[in-house]
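Just below is one structure, and these are the notes that go with it.
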Amino acid sequence: MERMTPGKETGNAMNSSDRLWTRDFTLLCGAHFALSLAFYASMPVLPLFLRDRMGVEGLALGAVIACYTIAAITARPVAGWVLDNFGRRVVYLPTYLIFALLYFLYPLARSALDVAALRLAHGLAWGAVMGAAVTLAVDLMPPSRRGEGIGFFSLFMTLAMGLGPALGDLLSLWVGYDRLFLGAGALILAGFLLLPGVRVPRVRLEGRPFSLSSVLEKSALPVTLSVFFVCMPFGALMNFSVLYAESVLGAFGGIFFAAFALGTGLSRLFSGKIYDRRGPGAVMRAAFVLLLAGLIMLALVKDKRLYYLAGFIQGLGDGMAIPVMQAMINALTPPERRGAANATFMTGFDLGICCGIVCTGFLYKAFGWPAAFTVLAGCIAAAAAVFAAVALPRYRKAIKTAGKR
């Protein structure tokens, strides 16, 4: 096989062995961790950078930050089509490098418009590079260990999510905003140096014209609808848990995030293995029960310790549900449609987060926190209903027809 350098993708579509931790997969995980750590280290610092450097607050601050998510959602379907029609490296290498280089421009920004433009560019790169990373990672996994592989691959982002915000906060105090952004760019460039050692498996390219049917994978839609509902509470908790902790409980939101990350990391160590051996049914039933339990606790309790416990339970549930559902859509999709399938799934993921943020912002102000958490628990119930009634039966039928596990 060729290394990841310009040219045609070569090699086998899948390794014949069941070995997961190959040299290629390990290098890809290292590069993925470097990019994710830099992203999560800079993310919580950006609002402070805008406020302190440019005096941006309130609605304008939210608008600048939202540019990133809007651009990422826009980029995902297009990137998925390019992945399936022109190959993995055509997307992954350039967008990884662009994502790194954009960080070097933040110290040069002089206005909120400059930062908004950078956030739009960064969001486009993020939407493309993450879809390409997951698709390439799945290409490198043996089918018999796909659930375990996706769990471990996403664990590197979980570790970055747990370490990055605290690291970024400390570095912004020690070395300032400019050096933090420069350091983030340098870290991603270091990760980029790992990529020439990754051999890219060959997949049959589709050669389909760009259209709605080519950028959306129909077989992934039922699972994507379920993950949309799962991600509404996820987005709400990621953005409002600190506000809830400080305004209602007098608690420290950072402990909630640490408990959430711990639960997510632990569940991803075993849930993928269970999926590979027994299928998605048992894992998802447990995940939905945990997610409901955590949100009900948040709606009913006023105790700090139970609040932290609820974060751990939510982390367990999300850490089980999201990688297993992503493994399902990759099991249903041939390699030449894997880019579109992952783009479809991740678009549902992002839209769920956005809708969760908007709905929770309205609900807690209009009806209070218990009502907001109750509605979010209803989202999990909706996710479970869609999964049980549509996604799981279609998955089982497709797997049985294909003669797979």
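Side-chain atoms are counted along with the backbone in the values below, which use heavy atoms only and exclude waters and symmetry mates. This is a predicted model, so every value here is computed, not measured.
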I'd like to check [X] versus [Y] (side-chain heavy atoms, cut-off strictly below 4.5 Å). Are they in contact?
X	Y	result
L180	Y106	no
Y92	R88	no
R179	L171	no
T95	F99	no
F153	L28	yes
F270	S267	yes
L46	V115	yes
L118	F181	no

Taking [X] for its side chain and [Y] for its backbone only, find out whether a donor-acceptor pair lies under 3.5 Å.
X	Y	value
Y96	A31	yes
R119	Y68	no
R23	G197	yes

- Task: Kindly say whether the aromatic ring centers of F25 and F152 come within a distance under 6.0 Å.
- Result: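 Between F152 and F25, which both carry aromatic rings, the centre distance is not below 6.0 Å.
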In Å, rounded to the nearest 0.5 Å, how long is the span from [atom1] of [X] to [atom2] of [Y]?
X	Y	atom1	atom2	value
M297	L306	CE	CG	4.5 Å
S226	F345	OG	CZ	9.0 Å
L194	D24	CG	CG	12.0 Å
L159	T264	CG	OG1	10.5 Å
F373	L300	CZ	CG	11.0 Å

- Query: What's the shortest heavy-atom distance between L37 and A160, and which atoms?
  - Reply: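 Where L37 meets A160 most closely, the heavy atoms are N-CB, 3.5 Å.
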